[in-house]
Amino acid sequence: MSTPAFAWSKSKAGDSAVTREFACDVRMGLAKSQKELHSKYLYDELGSSLFEAITHLPEYGLTRADERLLRRHAEDIAALLPSRVAVIDLGSGVGQKTRHILRALRGSPPRSAATPLRYYPIDVSADALARCERDLSEVAEVHPIEQSYLDGMACAAAERQPGEAFLVMFIGSTIGNFERKCALEFLRDLRRSLVPGDALLVGADLVKEPDRMLDAYDDPAGVTGAFNLNLLGRINRELGADFRLRQFEHEARWNEQQRRIEMHLRSRVNQTVSIPEADLTVSFQAGESIWTESSHKFQIAELDAMAELTGFQAATRWIDEEWPFANSLWIVS
Ligand code: AVI
């Protein structure tokens with residue numbers, strides 16, 4: 001499973017600068033007329049475990065579709081890449097899905113000890129990187145980088161060997177959690193670390209029937225609801241707040257115009273919450289919501305246009321039929 005690069009990190013929890021930044025973001029987000037909290041804060045230790053559970057839900061087909069595509073088409077992907085290639089995995093988590101690609105690359109042509117396949121998993125979770133290194137060192141030479149996406153990318157780029165091309169993996173539809181404009185900015189920034197001949201493999205969840213998408217983000221077992229509500233629990237634990245979680249309910253909305261699922265936490269009653277570490281007392285009207293995440297869904301033509309707008313050339317794509325999801329290979333021209 002690929003975890004977002006902002007997933008929980010032991011070394012960072014309890015760090016006072018990190019807590020101050022969290023408090024500041026909470027204060028700013030809850031002061032807006034549409035109250036909001038950044039989705040990166042969903043992933044503390046408990047949130048990361050709940051997200052892992054989401055990936056196993058029958059209603060949430062996204063992760064399985066991504067995994068199926070990578071497993072089935074790993075050889076096809078490898079065949080389209082230069083023979084000397086290093087793999088960079090943005091938000092690798094434990095690197096489980098990338099294993100298929102590494103295996104295929106290792107075999108074509110067979111690597112000798114003199115030219116090992118180099119793999120740079122980038123993640124902010126030290127625990128995930130340690131597992132990744134342990135599990136994948138039999139298939140590649142693993143160089144873990146505990147950083148955010150772009151800082152990690154810069155570190156990997158500094159290690160590029162002469163004549164080596166990069167395959168950058170940005171799978172799991174993490175791109176969907178960016179606002180569309182920010183996604184383009186991010187891809188342009190990423191492109192600046194790359195050179196012609198490099199490739200980017202982007203995973204993106206496609207638009208499908210609204211009811212199917214809504215079920216995926218509001219599952220009957222309530223796991224996604226727990227994932228969302230845990231954000232208030234995290235504010236209680238880390239910022240000393242007194243949110244009563246039962247006074248809020250999880251809500252998933254399909255925004256047709258923006259083509260995205262929005263997660264909200266809706267106040268069931270009129271209430272006031274105090275958040276001492278953020279120096280804040282905040283009131284909620286019954287029915288008022290906090291917007292906690294957007295998961296944008298894409299059309300194929302839009303993905304091709306995004307490639308062109310950000311300095312890539314869309315080469316090939318593979319689409320899962322069971323759960324419409326695309327893995328696209330973009331080449332740096
Ligand atoms: C990490 N990301 C791609 C997930 C998504 O589908 O947007 C996060 C998630 N939120 C609720 N369920 C899953």
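Both ligands and their constituent atoms are indexed starting at 1 by order of listing. Keep in mind the model is a prediction, meaning the values are calculated, not measured. The figures that follow rest on heavy atoms only: side chains count, while hydrogens, waters and symmetry mates do not. Note that the numbering runs from 1 along the sequence shown for the chain.
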Sub-4.0 Å atoms of ligand 1 with respect to non-hydrogen atoms of G172: 3 (C)
query: Taking the six-membered ring of F22 as reference, does the NZ or CZ atom of R234 fall below 6.0 Å from its centre and within a 45° cone about the axis?
result: yes
Ion pair check, R20 and E277, cut-off under 4.0 Å: no
query: Under the salt bridge (charged side-chain N to carboxylate O under 4.0 Å, His left out) test, which residues partner E249, sequence neighbours left out?
result: R266, R268
message: Regarding ligand 1, does Y217 bring an N or O atom to under 3.5 Å of one of the ligand's N or O atoms?
response: yes
- request: Output the list of atoms in ligand 1 that are nearer than 4.0 Å to some heavy atom of S295, sorted by atom number.
  value: 5 (C), 6 (O), 7 (O)
- prompt: Relative to the heavy atoms of F227, which atoms of ligand 1 are at a distance of less than 4.0 Å?
  reply: 10 (N), 11 (C)
query: Where does L62 meet ligand 1, judged by heavy-atom distances below 4.0 Å: at the side chain, the backbone, both, or neither?
result: side chain
message: Tell me whether T174 has any N or O atom under 3.5 angstrom from an N or O of ligand 1.
response: no
query: Do W254 and D211 have a side chain donor and acceptor closer than 3.5 Å?
result: no
query: With the threshold set at 4.0 Å, does a side-chain nitrogen-carboxylate oxygen contact exist between K97 and D66?
result: yes
query: Do R180 and E302 meet the salt-bridge criterion of a basic N to acidic O distance under 4.0 Å?
result: yes
query: Contact between S173 and ligand 1, counting heavy atoms under 4.0 Å?
result: yes
task: Considering the heavy atoms of E293, write down every atom of ligand 1 situated less than 4.0 Å from one of them.
output: 8 (C), 9 (C), 10 (N), 11 (C)
Salt bridge (charged side-chain N to carboxylate O under 4.0 Å, His left out) partners for R134, two or more places apart: none
- prompt: What atoms of ligand 1 come within less than 4.0 Å of a heavy atom belonging to Y43?
  reply: 1 (C), 8 (C)
query: For ligand 1, is there an N or O atom under 3.5 Å from any N or O atom of T224?
result: no
task: Would you mind checking if D320 and R64 are paired as a salt bridge, meaning a charged N to carboxylate O distance below 4.0 Å?
output: no
query: Quick check: does Y60 get an N/O under 3.5 Å from an N/O on ligand 1?
result: yes
- request: Kindly confirm or rule out an N or O of N177 lying under 3.5 angstrom from an N or O of ligand 1.
  value: yes
